[in-house]
Amino acid sequence: MKSEKEKMIAGEPYLAGDAELVALRQNARENMRAFNDEIDPRKRSELLKNWFGKTGQKIYMEPSLSLDYGSNIFVGENFYANFNCTILDTCPVTFGNNVMIAPNVSFYTATHPIDPVERNSGTEYGKPITIGDNVWIGGSSVIGPGVTLGDNVVVGMGSVVTKSFPDNVVIAGNPARVIRQIQLSDSKS
């Protein structure tokens with residue numbers, strides 16, 4: 001029989017009021033306070049390396065950071081997030097290498113049942129988010145549950161991303177849509 005935590009991470013319906021999950025969220029609140037109060041960027045990066053599920057060596061985030069757990073966040077090399085990043089990590093949130101996130105960007109894996117009776121029962125679930133390599137996400141954008149962004153994607157400022165997109169595109173809007181294909185330069189020319 002799976003624990004509520006195992007169900008949550010797997011994207012299955014779970015009960016958020018489970019004692020283990022409540023304790024993990026409380027620990028995350030303590031880690032958030034330490035991170036958000038720290039003025040030394042090197043110390044902030046070390047806090048993240050010890051808290052997140054995985055990080056590269058070069059990770060830089062500005063405060064204020066808000067999240068559910070932290071342990072379900074996996075970050076590649078050369079990661080940068082500007083002020084006021086929110087990551088609801090009930091399911092894994094995976095960032096590739098060379099990801100840049102502008103201010104006020106939110107990542108929401110958490111979601112709720114559509115049926116009001118089921119929703120009011122306390123049942124929740126999530127869908128993982130995967131961000132590829134060399135992705136730039138513009139300010140005040142929202143990345144929704146279950147979204148995968150391919151490599152070299154640029155997300156325009158203020159976008160609401162509700163579906164997945166392939167490599168080498170610029171997307172923007174609400175809901176986000178492809179507005180341009182990216183032609184990568186040939187480094188040998």
Side-chain angles (χ1 to χ4, degrees), residues 2-36 38 44-56 58-113 119 122-133 135 137 139-150 153 155 159-164:
K2 289 184 181 179
S3 69
E4 295 302 308
K5 178 183 176 184
E6 290 169 327
K7 290 187 227 175
M8 177 187 77
I9 292 170
E12 299 170 5
Y14 70 95
L15 296 173
D18 174 71
E20 179 185 20
L21 294 177
V22 170
L24 289 170
R25 286 193 304 274
Q26 180 59 38
N27 183 63
R29 302 308 179 267
E30 293 167 12
N31 287 336
M32 276 189 290
R33 184 179 307 118
F35 175 87
N36 290 328
E38 181 56 62
R44 281 198 312 267
S45 291
E46 285 306 312
L47 288 167
L48 297 173
K49 289 175 185 178
N50 292 319
W51 179 17
F52 284 5
K54 175 190 160 292
T55 71
K58 187 175 178 188
I59 178 173
Y60 184 91
M61 295 184 83
E62 294 283 2
S64 144
L65 171 62
S66 299
L67 46 77
D68 278 327
Y69 299 96
S71 58
N72 299 322
I73 300 170
F74 304 91
V75 175
E77 215 37 79
N78 299 319
F79 180 83
Y80 174 80
N82 212 320
F83 296 103
N84 301 318
C85 185
T86 298
I87 306 172
L88 300 187
D89 62 317
T90 59
C91 278
V93 179
T94 305
F95 296 95
N97 297 321
N98 305 307
V99 173
M100 298 185 342
I101 300 170
N104 302 310
V105 174
S106 298
F107 300 86
Y108 302 146
T109 64
T111 190
H112 301 276
R119 185 172 57 247
T123 299
E124 298 180 9
Y125 65 99
K127 297 178 183 177
I129 293 173
T130 303
I131 307 298
D133 294 338
V135 172
I137 301 174
S140 299
S141 293
V142 176
I143 311 300
V147 166
T148 294
L149 297 181
V153 170
V155 179
S159 296
V160 177
V161 184
T162 60
K163 66 179 186 176
S164 297

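Values below: every heavy atom of this structure, side chains too, minus hydrogens, waters and symmetry copies. Since we're looking at a predicted model, the values are computed, not measured.
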Give the intermediate values and the outcome of side chain to side chain contact (heavy atoms under 4.5 Å, CB included) for residues Asn31 and Asn27. CA-CA 6 Å; Asn31 287 336; Asn27 183 63; 3.5 Å; yes
Residues Arg44, Tyr60; criterion side chain to side chain contact (heavy atoms under 4.5 Å, CB included); working and verdict: CA-CA 8 Å; Arg44 281 198 312 267; Tyr60 184 91; 3.4 Å; yes
CA sep, side-chain torsions, deciding dist, call: Ile73, Leu67, side chain to side chain contact (heavy atoms under 4.5 Å, CB included): CA-CA 10 Å; Ile73 300 170; Leu67 46 77; 3.6 Å; yes
Full working for side chain to side chain contact (heavy atoms under 4.5 Å, CB included) between Thr130 and Leu149: CA-CA 6 Å; Thr130 303; Leu149 297 181; over 6 Å; no
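Note on residues 81-103: pairs passing ring pair (Phe, Tyr, Trp, His ring centres under 6.0 Å), not counting sequence neighbours, are Phe79-Phe95, Phe95-Phe107.
Considering CG of Leu65 and CD1 of Ile87, their distance stands at 6.0 Å, rounded to 0.5 Å. In this structure, CG in Leu21 is found 7.5 Å from OG in Ser3, a value given to the nearest 0.5 Å. With rounding to the nearest 0.5 angstrom, the CG atom of Asn104 is 4.5 Å from the CG atom of Asn84. The structure places CD of Glu62 at 11.5 Å from SG of Cys85, a figure rounded to the nearest 0.5 Å. Here CD1 of Ile101 is found 7.5 Å from CD1 of Ile131. Values are rounded to the nearest 0.5 Å. Between the CG atom of Leu88 and the CD1 atom of Ile129 there is a distance of 8.5 Å, given to the nearest 0.5 Å.
Side-chain N/O atoms of Glu124 and Tyr14 include a donor and acceptor closer than 3.5 Å. When only modelled atom types and interatomic distance are considered, Asn78 and Asn98 share a side-chain donor-acceptor pair under 3.5 Å. A side-chain donor-acceptor contact under 3.5 Å links Thr109 and Thr90.
Taking each heavy atom of Lys5 and Leu24 in turn, the nearest pair found is CD-CD1, 3.8 Å. When all heavy atoms are compared, the tightest approach of Ile59 to Lys49 is CG2-CE, 3.8 Å. Residues Ile9 and Cys91 come closest through the heavy atom pair O-SG, 3.8 Å. Nearest heavy-atom pair, Glu4 versus Lys7, reported as atom, atom and distance to 0.1 Å: OE2-NZ, 2.8 Å. For the pair Asp68 and Ala28, the tightest heavy-atom approach, listed with the atom from each and the gap, is O-CB, 3.3 Å. Arg119 approaches Pro113 most closely through the heavy-atom pair NH1-O, 3.0 Å.
Taking a 6.0 Å sphere around NZ of Lys58, one finds it holds 12 or fewer heavy atoms contributed by other residues, nucleotides or ligands. Counting non-hydrogen atoms of other residues, nucleotides and ligands closer than 6.0 Å to NZ of Lys54 gives a total above 12.
Put simply, the side chain of Phe35 reaches to within 4.5 Å of the side chain of Leu48, judged on heavy atoms. Tyr108 is listed as a side-chain neighbour of Thr86, based on a closest heavy-atom distance under 4.5 Å. Looking at Ser71 and Trp51, their side chains never come closer than 4.5 Å, going by heavy atoms from C-beta outward.
Ion pairing between a basic and an acidic side chain is recognised when a charged N comes within 4.0 Å of a carboxylate O; Arg33 and Glu30 show no such pairing.
Geometric assessment of Arg25 against the ring of Tyr69 yields a negative cation-pi assignment under the 6.0 Å and 45° thresholds.
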